[in-house]
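On a predicted model such as this, the values are computed, not experimentally measured, just so you know.
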Amino acid sequence: MTSLWLDGREPIRSDSLEGDSYDDVVVGAGLTGLMTALLLSRSGRGVVVLEAREVGAVTTGNTTGKLSLLQGTKYTRLTSRHPESLVRAYVEANLEGQQWLLRYCEEHDVPVQRRPAVTYAPDDAQGLKAARDEHEAATAAGLGVRWADELDVPFPHRGGTVLEDQAQLDPMDVLEALVESVRAEGGRIVTGARVQHVSRLGSPTVRLEDGRSIRCEHVILATGTPILDRGLYFAKLEPGRSYALAYDYPDAPELMMLSASGPTRSVRDAPATSGRALLIGGDGHVVGRTRSERAHLNRLRDWTAEYFPGAVETHHWSAQDYTSHDGVPYVGGMPRSFGKVYVATGYAKWGLTNGVAAALDITAQILDGRLRWADRIHHRVTRPRSALEPVRMNAGVAASGLQHILDAALRSRPETPPKEGTGEVGRSGVVPVGVSTVNGRTCAVQALCTHLGGVLAWNDAEKSWDCPLHGSRFSPTGEVLEGPATRALPRREPDGTTT
């Protein structure tokens, strides 16, 4: 599964890690990490970006590339949990992030397409109410939305709220430009460098998987979900996985659309070598908590075939993002880090605007600056409704974790290799073992997440082991694909012993 944006691109070359001391270490080479690195480098600080995989390998390189202030039903949810002043601060933060990135794209010849953004009502009463509610909430938040009863699309709907002059882009175009800008300012970008630990006392020391250590003044964790557990963010975030498909389709609507009620459907067009592409996304779920990830993709395929006949699929992929307990991203100093470690997470799939805002916010904090909207967001008070959300989230974690433990306990480790493209979990003694066959190769791993020990589930769309607790993901051979885990799964021999 390779996204439209990543397909055919050569991985961005890695710099060497020179020396063992920098002013700032940024962990993660997505939009937030590279933006933060650029801003800090411009101020004259010595910055290195450490990326465990490749630039854009995780969320940024797999987004749908919408740079929009209208964000589905975001403002309905925010308004139900926060006062108007905080909702407006969120809008101001996203506006500053959007406008900064648009200026950057113009200055660096990054292609951008201007499009209306639409939160549309599916053809039912529930969808109409949800879209109308969002229209009212967005208006109250200060967005200049208008209501349209009819939209120029082939699928059933009851209109939607429209925000003109929003933008869409290829996120990898942006990352490639940012890499050049960071390097031009003296920053370094090192790929294949997985961070596993940051010291607690004094100036931070960052330890890599290969044993190298780096001393610094500040660490910025721009890793989707924080890879350090000190702030217990894993207990306040819900990891979601959603899906996208790209099609050759010359008549793709020139709108950026998102349904106001489920099942979620996202629609946008994109430039393509053959003319224009159609992107269809949605049908998300909590990571590791579905019977079949492939079924989610197939539902999107069926919907596209019904309403866009003749569309030819060229790519399919999925992305992971995290939603905070109160709907507002967590950005700032990690608790008990004494101003040395910063985090940015909880964008809830709107990372192109929120990611830039987070970089501006963190940079201002490190450089002793001030952003009015950031002050308001940092000092938000958790209301009762939001306070109960972690309880709901962690009840789901507990229930899912128990179910996977019981399922593994009731099955013995498979005696014969699974069919191609499949994986199974069963007991080897008392230890859950995952066995999979991918591209003709059968591998066995200890099927316990190296973060907090959740029993893993097989992802039949991406051929990976996914943790239903906090969203860590591993390759069939056990390498970490996404955190909060930072250590690979122990490999197992065919007889069940650890390698």
**Student:** Quick check for you: to the nearest 0.5 Å, what is the distance between Asn459 atom CG and Leu481 atom CG?
**Tutor:**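 The CG atom of Asn459 sits 9.5 Å away from the CG atom of Leu481.
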**Student:** Taking it one step at a time, do Gln98 and Asn94 satisfy side chain to side chain donor-acceptor pair (under 3.5 Å)?
**Tutor:** CA-CA 6 Å; Gln98 181 196 58; Asn94 278 254; over 6 Å; no
**Student:** Looking only at heavy atoms, which two atoms of Leu175 and Gly56 are closest? And how far apart?
**Tutor:**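 The pair with the smallest heavy-atom distance is CD1-CA, 3.5 Å.
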**Student:** Regarding Asp460 and Ser292, is there a side-chain donor-to-acceptor distance under 3.5 Å anywhere?
**Tutor:**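 Looking only at side-chain atoms, Ser292 and Asp460 do form a donor-acceptor pair, the distance falling under 3.5 Å.
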**Student:** Taking the side chain as C-beta and beyond, is there a heavy-atom pair between Trp465 and Arg473 under 4.5 Å?
**Tutor:**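 Answer no - side chains too far apart.
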**Student:** Do Leu297 and Met1 touch side chain to side chain, with heavy atoms closer than 4.5 Å?
**Tutor:**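 A side-chain contact under 4.5 Å exists here.
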**Student:** Are Leu40 and Thr36 side-chain neighbours, meaning at least one heavy-atom pair lies under 4.5 Å?
**Tutor:**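 A side-chain contact exists here, since the closest heavy-atom pair is under 4.5 Å.
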**Student:** Kindly say whether Trp5 contributes a backbone atom to a donor-acceptor pair with the side chain of Arg9 at under 3.5 angstrom?
**Tutor:**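 Yes; at least one donor-acceptor contact below 3.5 Å.
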**Student:** Would you call the rings of His451 and Phe234 parallel, tilted or perpendicular if under 30° counts as parallel and over 60° as perpendicular?
**Tutor:**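 Ring orientation, 0 to 90° scale: perpendicular.
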**Student:** Under a plain distance cut-off of 3.5 Å, with no hydrogens placed, do Tyr347 and Thr353 share a side-chain donor-acceptor pair?
**Tutor:**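 No donor-acceptor contact under 3.5 Å links the two side chains.
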**Student:** For Arg376 and Ser85: C-alpha separation, side-chain torsions, deciding distance, then whether side chain to side chain donor-acceptor pair (under 3.5 Å) applies.
**Tutor:** CA-CA 8 Å; Arg376 179 65 187 89; Ser85 60; 3.0 Å; yes
**Student:** Do side-chain atoms of Asn62 reach the backbone of Val58 as a donor and acceptor pair under 3.5 angstrom?
**Tutor:**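 Confirmed, Asn62 side chain pairs with Val58 backbone.
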**Student:** Are the side chain of Ser16 and the backbone N or O of Glu18 linked by a donor-acceptor pair below 3.5 Å?
**Tutor:**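 Here the side-chain-to-backbone pair does not exist.
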**Student:** Side chains of Thr477 and Glu479: any donor to acceptor distance under 3.5 Å?
**Tutor:**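 Yes - a donor-acceptor pair under 3.5 Å links their side chains.
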**Student:** State, without any angle test, whether Gln168 and Asp269 hold a side-chain donor-acceptor pair at a distance under 3.5 Å.
**Tutor:**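 Yes.
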**Student:** So which heavy atom on Ala485 is nearest to which on Ser472, and how close?
**Tutor:**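 The pair with the smallest heavy-atom distance is N-OG, 3.0 Å.
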**Student:** Should Glu217 and Lys340 be marked as a salt bridge (charged side-chain N to carboxylate O under 4.0 Å, His left out) after you check the CA-CA gap, both sets of side-chain angles, and the distance that decides it?
**Tutor:** CA-CA 6 Å; Glu217 294 180 22; Lys340 302 295 185 180; over 6 Å; no
**Student:** Take atom CZ of Arg230 as the centre, draw a 6.0 Å sphere, and report whether it contains more than 12 heavy atoms from other residues, nucleotides or ligands.
**Tutor:**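 Correct, the count exceeds 12.
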**Student:** Does Arg241 come within less than 4.0 Å of Asp283, counting only side-chain N to carboxylate O?
**Tutor:**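 Result for this pair is no, no salt bridge flagged.
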**Student:** Which distance, rounded to the nearest 0.5 Å, do you find between the CG of Leu367 and the CD1 of Ile362?
**Tutor:**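 Interatomic distance, Leu367 CG to Ile362 CD1, rounded to 0.5 Å: 11.5 Å.
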**Student:** List the atom of Leu469, the atom of Arg289, and the distance in Å for their closest heavy-atom pair.
**Tutor:**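 Looks like O-NH2, 3.6 Å.
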**Student:** Output the distance between atom CG (Leu352) and atom OG1 (Thr60), rounded to the nearest 0.5 Å.
**Tutor:**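 Separation between the atoms: 7.0 Å.
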**Student:** Arg372: which residues meet the salt bridge (Lys or Arg N to Asp or Glu O under 4.0 Å) condition with it, sequence neighbours left out?
**Tutor:**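 Scan of Arg372 (salt bridge (Lys or Arg N to Asp or Glu O under 4.0 Å), adjacent residues dropped) gives Glu92.
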**Student:** State whether a side-chain donor-acceptor pair under 3.5 Å links Thr486 with Arg194.
**Tutor:**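 Their side chains do not contain a donor-acceptor pair, so the 3.5 Å distance test is not met.
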**Student:** Spell out, as yes or no, whether a donor-acceptor pair under 3.5 Å connects the side chain of His218 to the backbone of Asp24.
**Tutor:**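 Here the side-chain-to-backbone pair does not exist.
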**Student:** Could you tell me whether a side-chain N or O of Gln320 sits under 3.5 Å from a main-chain N or O of Val287, the two making a donor and an acceptor?
**Tutor:**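 Pair absent, no side-chain N/O of Gln320 close to backbone of Val287.
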**Student:** Can Ser213 and Thr205 be counted as having a side-chain donor-acceptor contact under 3.5 angstrom?
**Tutor:**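 Note: Ser213 and Thr205 side chains miss the donor-acceptor criterion.
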**Student:** What verdict does the side chain to side chain donor-acceptor pair (under 3.5 Å) test give for Tyr90 and Gln71, after you've listed the backbone C-alpha separation in whole Å, the side-chain angles of each residue and the deciding distance to 0.1 Å?
**Tutor:** CA-CA 12 Å; Tyr90 177 88; Gln71 302 174 353; 2.6 Å; yes
**Student:** Between Arg114 and Asp165 (salt bridge meaning N to carboxylate O under 4.0 Å), is one present in this structure?
**Tutor:**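 Salt bridge between Arg114 and Asp165, a charged N being under 4.0 Å from a carboxylate O: yes.
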**Student:** Do Gln365 and Tyr342 come within less than 4.5 Å of each other through their side chains, counting heavy atoms only?
**Tutor:**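 Counting from C-beta outward, Gln365 and Tyr342 do come under 4.5 Å.
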**Student:** Just verifying a value: how many Å separate Glu185 CD and Leu39 CG, rounded to the nearest 0.5 Å?
**Tutor:**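 One finds 10.0 Å between CD of Glu185 and CG of Leu39.
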**Student:** If you draw a 6.0 Å radius around CG in Asn439, do more than 12 non-hydrogen atoms from other residues or ligands fall strictly inside?
**Tutor:**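 12 or below, so no.
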**Student:** Just jot down the salt bridge (Lys or Arg N to Asp or Glu O under 4.0 Å) partners of Arg77, sequence neighbours excluded, or say none.
**Tutor:**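 Salt bridge (Lys or Arg N to Asp or Glu O under 4.0 Å) list for Arg77, sorted by chain: empty.
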**Student:** Give me the atom names and distance for the closest heavy-atom approach of Pro226 to Leu221.
**Tutor:**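 In terms of heavy atoms, the two residues are closest at CB-CD1, 4.3 Å.
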**Student:** Dump the intermediate steps for salt bridge (charged side-chain N to carboxylate O under 4.0 Å, His left out) on Glu164 and Arg115, then the final yes or no.
**Tutor:** CA-CA 7 Å; Glu164 301 288 351; Arg115 296 286 187 270; over 6 Å; no
**Student:** Should the pair Lys236 and Tyr233 be classed as cation-pi, given the thresholds of under 6.0 Å to the six-membered ring centre and 45° from the axis?
**Tutor:**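 Because its charged atom sits under 6.0 Å from the ring centre and within 45° of the axis, Lys236 does stack over Tyr233.
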**Student:** Distance-only, no hydrogens or angles: does the Ser324 side chain make a donor-acceptor pair with backbone N or O of Gly346 under 3.5 Å?
**Tutor:**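 Judged by distance alone, no pair lies under 3.5 Å.
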**Student:** Does Glu180 have more than 12 heavy atoms from other residues, nucleotides or ligands lying within 6.0 Å of its CD?
**Tutor:**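 Counting neighbours around CD of Glu180, 12 or fewer heavy atoms of other residues, nucleotides or ligands fall under 6.0 Å, so no.
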**Student:** Would you please classify the geometry between the Trp317 ring and the His315 ring as parallel, tilted or perpendicular, with 30° and 60° separating the classes?
**Tutor:**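 Because their plane-to-plane angle is over 60°, the rings of His315 and Trp317 count as perpendicular.
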**Student:** Would you indicate whether the side-chain heavy atoms of Glu293 and Thr290 approach each other to under 4.5 Å?
**Tutor:**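 Yes, at least one pair of side-chain atoms sits under 4.5 Å.
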**Student:** What is the minimum heavy-atom distance between Val47 and Tyr22, and which atoms define it?
**Tutor:**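 Closest approach of Val47 to Tyr22: C-CD2, 4.0 Å.
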**Student:** Taking the side chain as everything from C-beta on, heavy atoms only, tell me whether Leu456 gets closer than 4.5 Å to Cys449.
**Tutor:**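 With C-beta onward as the side chain, the pair touches.
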**Student:** Let's go through Thr437 and Thr442 carefully: what are the C-alpha distance in whole Å and the side-chain angles of both, what is the deciding distance for side chain to side chain donor-acceptor pair (under 3.5 Å) to 0.1 Å, and is it a yes or a no?
**Tutor:** CA-CA 4 Å; Thr437 301; Thr442 299; 2.9 Å; yes
**Student:** Return yes if some donor-acceptor pair links the side-chain N/O of Arg81 with the main-chain N/O of His325 below 3.5 Å, else return no.
**Tutor:**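 Yes; at least one donor-acceptor contact below 3.5 Å.
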**Student:** NE2/His108 to CD/Glu176 distance, rounded to the nearest 0.5 angstrom?
**Tutor:**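 Reported value, rounded in 0.5 Å steps: 13.5 Å.
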**Student:** Nearest 0.5 Å, please: how far is CG in Leu31 from CG in Leu101?
**Tutor:**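 Going from the CG atom of Leu101 to the CG atom of Leu31 covers 6.0 Å.
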**Student:** Arg265 side chain to Gly282 main-chain N or O, any donor-acceptor pair under 3.5 Å?
**Tutor:**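 Judged by distance alone, no pair lies under 3.5 Å.
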**Student:** Using a 4.5 Å cut-off on heavy atoms from C-beta on, say whether the side chain of Trp458 contacts that of Ser464.
**Tutor:**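 With C-beta onward as the side chain, the pair stays apart.
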**Student:** Is a donor on one side and an acceptor on the other found under 3.5 Å between the side chain of His82 and the backbone of Leu78?
**Tutor:**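 Side chain of His82 to backbone of Leu78: no pair is present.
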**Student:** Sequence neighbours excluded, which residues qualify as ring pair (Phe, Tyr, Trp, His ring centres under 6.0 Å) partners of Trp373?
**Tutor:**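 With sequence neighbours excluded, Trp373 shows a ring pair (Phe, Tyr, Trp, His ring centres under 6.0 Å) to no residue whatsoever.
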**Student:** Kindly determine whether Arg212 and Asp20 satisfy salt bridge (charged side-chain N to carboxylate O under 4.0 Å, His left out), including the steps that lead there.
**Tutor:** CA-CA 8 Å; Arg212 291 180 292 178; Asp20 60 0; over 6 Å; no
**Student:** Would you find a donor on one side and an acceptor on the other, under 3.5 Å apart, between the side chain of Ser181 and the backbone of Ala177?
**Tutor:**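 Side chain of Ser181 to backbone of Ala177: a pair is present.
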**Student:** Less than 4.0 angstrom from a charged side-chain N to a carboxylate O is my criterion; do Asp375 and Arg370 meet it?
**Tutor:**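 Salt bridge present between Asp375 and Arg370.
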**Student:** Hey, does Val55 have a side-chain heavy atom less than 4.5 Å from the side chain of Leu178?
**Tutor:**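 Heavy-atom side-chain distance check fails, nothing below 4.5 Å.
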**Student:** Do we see a donor-acceptor contact under 3.5 Å between the side chains of Lys66 and Ser266?
**Tutor:**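 A pair is found: one side chain offers a donor N or O, the other an acceptor, under 3.5 Å apart.
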